[in-house]
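Read the structure below first, then the notes.
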Amino acid sequence: MSAARTLRSVSELEEAGLVPEGSSQAEVARVGERYAVAVTPAVAALIDNSDPSDPIARQFLPDAAELTALAEERADPIGDLAHSPVEGIIHRYPDRVLLKAVHVCPVYCRFCFRREMVGPTGLGTLTPEQLDAAIDYIATHPEIWEVILTGGDPLVLSPRRLREIMQRLAAIEHVKVARIHTRVPVVEPERIDADLVAALKASGKTTYVALHANHPRELTAQARAACARLIDAGVAMISQTVLLKGVNDDAEILATLMRAFVENRIQPYYLHHPDLAPGTSHFRLSLSEGRAIVERLRGHISGLCQPTYILDLPGGYGKVPVLSAAVREEGDGRFRIRDFRGVEHLYPPQPED
């Protein structure tokens, strides 16, 4: 299937033949009203309409299952708002902050943990005054060594605006690393042109781009070429992948994906356990299932290809490696998990009041 432009509504998906037959049109329409929808031409071209279990379609096309919310799911599943001292800044860890300059994306993943915050009706783009306050916060906190641009997807910003942000970070002496989290090289590879690549360079700083991709088919020739443009220009790349039921919950698929990252000079970094975002339970495996899949990678693929399987603890307590001694199974699908401050938490957590 191909599309000439980004499809931004359920009705546009229907016109393009991308709403599966047998789906409840009314329920899918309700999903589109509740959560943002966007499918770029690059993504539409990857969807196999002949496969009812297509892993690309599952990631990007709205599904009536999203209307099912569980008691333990949360609008802010990893506790961003509890660690936001000023608009656009998340300061959860001592030496690094998230800078969320924009809350829109070129595509909207159906499992997104910030799905209540992103999209055309989400938190929007920071105003000039809010961006000033965010940059000032970074400048006045000398413990901040790394700034992570996220959102939304920061690469939807124009090269001019990206260049401005990077230049402002370059002027802060204690910031040494700028990291950009993005889907763009996969879902809109043509956007990674010379002007955008140049905008990501900051004098005296090291720039990393963290690419979010979940299935080997996402790494098309065009996506690989986009990544090569970044890497050849001196931008280091790492990967982020979410472990998703029906997409990549298979050791062989993950092995193929991680090898593809390494072959393209992208260092595997994080394999995320899905967060407790509303309406995403159909994507989540149990921690036990996830551990079994990841353990099958050990010894069977190169150490270069091994991501760290992590859980972002609900409530804002930070990431924990799932295969570490900090995670203890208690039975009945429950785990006791120690965060980086040494505090223990139960997972899944008790439903919020």
Side-chain angles (χ1 to χ4, degrees), residues 53-55 58-59 63 65-66 68-79 92 109-115 212-216 239-259 261 268-352:
S53 301
D54 179 58
R58 186 166 171 81
Q59 292 184 68
D63 188 316
E66 296 174 56
T68 300
L70 304 186
E72 65 266 25
E73 293 177 337
R74 304 175 177 200
D76 182 16
I78 67 168
R92 181 178 288 109
C109 305
R110 309 322 304 167
F111 49 87
C112 179
F113 69 99
R114 291 196 178 112
R115 64 196 328 222
H212 176 183
N214 299 318
H215 193 276
S239 76
Q240 292 202 108
T241 296
V242 185
L243 183 59
L244 299 167
K245 185 182 294 185
V247 175
N248 57 20
D249 54 333
D250 177 274
E252 286 302 317
I253 291 174
L254 287 177
T256 301
L257 177 61
M258 297 303 151
R259 286 182 178 129
F261 285 141
Y269 181 44
Y270 276 156
L271 176 64
H272 294 267
H273 192 78
D275 297 305
L276 296 173
T280 62
S281 61
H282 55 298
F283 286 108
R284 284 196 301 275
L285 293 82
S286 69
L287 276 184
S288 297
E289 291 170 321
R291 291 172 96 173
I293 291 169
V294 174
E295 284 170 352
R296 286 199 287 275
L297 296 178
R298 300 292 173 185
H300 290 87
I301 59 173
S302 167
L304 290 172
C305 302
Q306 302 285 348
T308 300
Y309 178 32
I310 58 102
L311 171 71
D312 220 326
L313 281 166
Y317 300 107
K319 296 180 178 66
V320 178
V322 177
L323 298 183
S324 72
V327 177
R328 303 197 315 273
E329 190 163 5
E330 295 213 322
D332 296 327
R334 300 191 71 81
F335 290 78
R336 188 168 295 277
I337 301 176
R338 186 174 67 254
D339 68 25
F340 73 95
R341 295 183 178 88
V343 180
E344 291 193 339
H345 310 268
L346 286 176
Y347 182 87
Q350 294 296 322
E352 293 185 314

Legend entry - Other residues, nucleotides, ligands: >12 heavy atoms within 6.0 Å of Phe335 CZ: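 For Phe335, atom CZ is crowded (more than 12 foreign heavy atoms under 6.0 Å).
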
Legend entry - More than 12 heavy atoms from other groups under 6.0 Å of CD on Glu252: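 Atom CD in Glu252 is not packed in, count stays at 12 or less.
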
Inset, instruction - Sorted by first residue and then second, give each ring-ring contact (aromatic ring centres under 6.0 Å, His included) pair with at least one member in residues 284-306; sequence neighbours left out. - result: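 Listed by first then second residue: nothing to list.
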
Legend entry - Polar contact flag, side-chain donor to acceptor under 3.5 angstrom, Asp339-His345: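 The criterion, which ignores hydrogens and geometry beyond distance, is satisfied for His345 and Asp339.
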
Inset, instruction - Evaluate the side-chain proximity of Pro216 to Ile253: yes if any heavy-atom separation is below 4.5 Å, no if none is. - result: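 Contact flag for Ile253/Pro216 side chains = yes.
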
Write down the atom of [X], the atom of [Y], and the distance for their closest heavy-atom approach.
{"X": "Ser288", "Y": "Glu329", "result": "OG-OE2, 3.0 Å"}
{"X": "Ala213", "Y": "Thr241", "result": "O-OG1, 2.7 Å"}
{"X": "Asp275", "Y": "Arg284", "result": "O-NH1, 3.3 Å"}
{"X": "Glu72", "Y": "Leu276", "result": "O-CD1, 3.7 Å"}

Legend entry - Presence of salt bridge, Arg115 and Glu66, under 4.0 angstrom: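 A salt bridge links Glu66 with Arg115.
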
Legend entry - Lys319/Leu311 under side chain to side chain contact (heavy atoms under 4.5 Å, CB included): CA gap, chis, key distance, verdict: CA-CA 5 Å; Lys319 296 180 178 66; Leu311 171 71; over 6 Å; no

Inset, instruction - Please lay out, stage by stage, how Asp63 and Arg110 fare under the test side chain to side chain contact (heavy atoms under 4.5 Å, CB included). - result: CA-CA 8 Å; Asp63 188 316; Arg110 309 322 304 167; 6.0 Å; no

Legend entry - Mutual orientation of the aromatic rings belonging to His273 and Tyr309 [parallel < 30°, tilted 30-60°, perpendicular > 60°]: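 His273 and Tyr309: tilted rings.
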
Inset, instruction - Report yes or no: is the cationic atom of Arg58 (NZ for Lys, CZ for Arg) closer than 6.0 Å to the six-membered ring centre of Phe283, at no more than 45° off its axis? - result: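 Geometry flag: set, cation within 6.0 Å and 45°.
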
